[in-house]
Amino acid sequence: MRVLVIEDDPDLNRQLCDALEDAGYVVDKALDGEEGHFLGDTEPYDAIVLDIGLPKMDGISVLEEWRREGRKTPVLILTARDRWSDKVSGIDAGADDYVTKPFHVEEVLARVRALIRRAAGHAASTISCGDIELDTRVSKVTVDGKPVKLTSHEFRLLSYLMHHQEEVHSRTVLTEHLYDQDFDRDSNTIEVFIGRLRKKLGSDCIETVRGLGYRLKEPTEHGK
Ligand code: CA
């Protein structure tokens with residue numbers, strides 16, 4: 001899962017990025033509205049945290065442009081406490097949720113989790129596929145109730161597949177959701193991580209769809 005943070009206060013930006021990274025997301029950051037708009041326009045994020053008061057281009061304009069262009073990425077806006085009107089204009093501009101400053105970073109994390117889940121059609125915070133369970137609150141995975149230790153890359157890959165279970169994902173798409181913008185992407189590494197996940201979760205948990213990519217497999221359907 002990949003998240004973009006657009007916040008011009010460098011300390012707050014770093015605090016948000018660190019917390020999101022600790023929670024298992026890969027994070028890109030922007031310190032002004034123009035750069036943020038560009039990134040949100042060109043990279044496939046799973047969620048975006050967007051400050052309203054930004055230099056070069058304000059958050060409302062950034063959001064309005066994305067929505068005008070048909071971008072549906074879930075967006076959480078950050079608003080100042082004394083600016084209730086920012087919430088109204090933000091939601092009218094297409095924001096999915098808001099957090100008022102000053103906030104506890106845990107609240108931002110919870111709202112980002114919920115946005116990503118709901119955008120993928122999951123209402124509950126635990127997502128399961130057969131006997132594999134992902135608890136999005138604590139970023140933990142269990143198989144048959146037993147905890148499985150995953151590296152951050154393995155976790156991100158599995159989390160993406162768990163959120164989007166019905167679909168077949170190409171290596172390119174998976175790479176885009178696993179690495180930040182500066183990463184030198186080699187889509188062969190996806191194969192390596194798929195192999196490791198199969199080893200840890202059961203060899204038949206991820207199906208290879210020839211020429212198309214990978215899909216998480218519901219074991220019960222296939223006579224486990
Ligand atoms: Ca600001």
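Here the structure is a predicted model, which is why all the values come from computation and not from measurement. Counting starts at 1 for both ligands and their atoms, in listed order.
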Q. With a cut-off of 3.0 Å, does D51 place any N/O/S atom under that distance from the Ca ion (ligand 1)?
A. yes
Q: With rounding to the nearest 0.5 Å, note down the distance linking CD in E43 to CD in Q181.
A: 6.5 Å
Q: For the residue pair H163 and H122, categorise the inter-ring angle as parallel (less than 30°), tilted (30 to 60°) or perpendicular (more than 60°).
A: perpendicular
(Q) Any N/O/S atom from E7 (main chain or side chain) under 3.0 Å of the Ca ion (ligand 1)? (A) no
Q. Can you tell me if an N/O/S atom from G53 lies under 3.0 Å from the Ca ion (ligand 1)?
A. yes
Q. Thinking salt bridges, do E7 and K101 make one under a 4.0 Å N-O criterion?
A. yes
Q: Check all N, O or S atoms of D8 and name the one closest to the Ca ion (ligand 1).
A: OD1
(Q) Please report whether the ring centroid of Y214 lies less than 6.0 Å from that of H169. (A) no
